[in-house]
Amino acid sequence: MGQIGIAVYDLDAAYTERFCQYMNEVAGDEYEFRPVYDRERLNHLISAREVEGVLVSDTLREEYPLFIGDIHVGYLTGEPMEEEGEIFRYQSRREILEVLESLLEIEDTSVKLLVFAGASAGCGCSTVAAACAQKLALEEKRVLYINMSSLGDAETIFHGGNPRDFQYLLKELETGGDLDAAMGAVLNRDTGGVYYYDNLSAPLSLMDISKSRMEILLRRLIDSGEFRYIIIDSSFSLNHGLLEACRLAERIILVSDGVYTSNHRLHKIWCLFKMLGNGLCRKSVLLYNKFHEKYGRLYENPELPVAGTIGVLSPAGPALMAEQMMGHEALREVLR
């Protein structure tokens with residue numbers, strides 16, 4: 001077995017270098033501590049999965065959560081440990097390695113909610129969302145894909161079948177029916193391991209479910225812990241239910257192809273996020289898809305981070321498009 005790579009980034013670059021030299025003197029063949037001097041390099045190591053763990057100063061907790069995908073994050077503190085993930089920086093090498101070993105053994109049991117919102121029809125939003133779900137399923141993660149698109153339907157990508165769909169679930173929710181029974185009745189499972197709620201019976205209508213009802217549904221899914229990942233595909237449907245999902249999400253991925261219509265709509269979505277607050281802008285990223293032969297210009301917004309650029313073409317339908325998407329580095333950044 002090779003060495004376990006640990007990236008170390010402290011705001012004090014001199015301390016970062018000293019710490020890595022100090023730890024590598026006794027880490028031996030088991031660990032390799034790699035000094036990192038800027039966030040761009042650290043983010044690249046994380047996105048490319050070149051390290052198994054990351055140690056950062058405790059002032060960076062909000063930027064780097066305890067788990068980034070399958071990478072563990074620890075926080076170097078100036079005070080004795082009190083919270084999960086903290087490593088007291090003034091301990092002996094042996095004590096630091098013991099705490100680090102315990103940190104790497106912690107299992108991430110949190111439920112992550114990701115929302116994919118397309119800036120316009122046909123920009124590749126459903127393809128990206130489905131590819132994300134398929135990749136997680138391949139990694140043996142339990143993942144639920146919810147089709148909130150007004151276009152329908154998920155069966156063009158996934159393979160399953162259920163006469164009852166997401167519209168039935170929403171109706172039961174609105175009328176006070178048995179929510180658990182409805183959730184089970186609507187559930188599909190793709191041959192590749194993705195669980196999904198489809199939207200077939202009213203694909204051309206906006207599902208304008210109330211924010212409070214959507215919160216009940218998503219809270220029930222999150223609290224049950226049945227799925228590690230919940231992926232919502234809105235295509236280009238923006239409604240109250242979706243906005244509540246965005247509020248609860250860990251990350252919002254805005255997919256655009258750069259044409260005028262897409263850029264214009266993306267600007268409107270961003271302005272709406274700014275107006276609503278709730279941290280919607282802070283957790284949003286842009287995924288730019290050069291889907292059309294005559295694609296436009298990337299939506300320029302210095303406040304909106306770009307997760308990557310893809311060029312997903314359609315040789316044989318959405319299923320193969322999703323298969324192509326799974327190989328893109330941008331998808332790893334989206335799942336970060």
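Just so you know, these numbers come straight off a predicted model, no measurement behind them.
- The side-chain heavy atoms of L11 and R39, taken from C-beta on, include a pair separated by under 4.5 Å.
- Aromatic ring orientation, Y260 versus H264: parallel (interplanar angle below 30°, classes split at 30° and 60°).
- Salt bridge status for R61 with E83: present, with a side-chain N to carboxylate O gap under 4.0 Å.
- Within the 3.5 Å criterion, the main-chain N or O of Y299 finds no donor-acceptor partner in the side chain of Y288.
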* Asked: Stepwise, does the side chain to side chain contact (heavy atoms under 4.5 Å, CB included) test hold for E139 with R228?
  -> CA-CA 12 Å; E139 296 173 357; R228 285 277 289 105; over 6 Å; no

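- The main-chain N or O of E17 is never found under 3.5 Å from a side-chain atom of Y37 such that the two would form a donor-acceptor pair.
- Note: F19 and F33 have perpendicular aromatic rings, judged against thresholds of 30 and 60 degrees for the angle between ring planes.
- Evaluation of the ring-ring contact (aromatic ring centres under 6.0 Å, His included) rule for Y22 yields no partner, not counting sequence neighbours.
- Using a 4.0 Å cut-off between charged side-chain N and carboxylate O, K171 and E174 make no salt bridge.
- Atoms CD1 and CD1, from I46 and I68 in turn, are 4.0 Å apart once rounded to the nearest 0.5 Å.
- By the side chain to side chain contact (heavy atoms under 4.5 Å, CB included) test, V111 pairs with I222, I230, sequence neighbours left out.
- In this structure, R142 forms a cation-pi arrangement with Y195, its terminal cationic atom sitting closer than 6.0 Å to the ring centre and no more than 45° off the ring axis.
- Residues L187 and L144 form a side-chain contact, since some pair of their non-hydrogen atoms from C-beta on lies under 4.5 Å apart.
- Using modelled atom types, no side-chain atom of K112 and backbone atom of E250 make a donor-acceptor pair closer than 3.5 Å.
- The structure places CD of E95 at 10.5 Å from CG of L97, a figure rounded to the nearest 0.5 Å.
- No donor-acceptor pair closer than 3.5 Å links the side chain of S262 to the backbone N or O of A119.
- For N278 (side chain) and L280 (main-chain N/O), no donor-acceptor pair under 3.5 Å exists by modelled atom type.
- To the nearest 0.5 angstrom, L287 atom CG is 7.0 Å from N289 atom CG.
- Within the model, atoms CD1 of I146 and CG of L169 stand 8.0 Å from one another, a figure rounded to the nearest 0.5 Å.
- The ring pair (Phe, Tyr, Trp, His ring centres under 6.0 Å) contacts involving residues 99-147 comprise Y145-F158, where partners must be two or more places apart or lie in separate chains.
- With contacts defined as side-chain heavy-atom distances shorter than 4.5 Å, the pair Q167/N199 qualifies.
- Here the straight-line distance linking atom CE of M183 with atom CG of D180 works out to 6.0 Å at 0.5 Å rounding.
- If you take OH on Y196 and CG on D198, they are separated by 6.0 Å, rounding to the nearest 0.5 Å.
- Side-chain atoms of K141 do not come within 3.5 Å of backbone N or O of F227 as any donor-acceptor pair.
- Salt-bridge formation is not detected for the pair E215/K211: no Lys NZ or Arg NE/NH1/NH2 atom is positioned less than 4.0 Å from an Asp or Glu carboxylate oxygen.
- Counting only distance, with no hydrogens or angles, the side chain of T77 and the backbone of E79 share a donor-acceptor pair below 3.5 Å.
- Within the 4.5 Å cutoff, no side-chain heavy atoms of S284 are placed close to those of R251.
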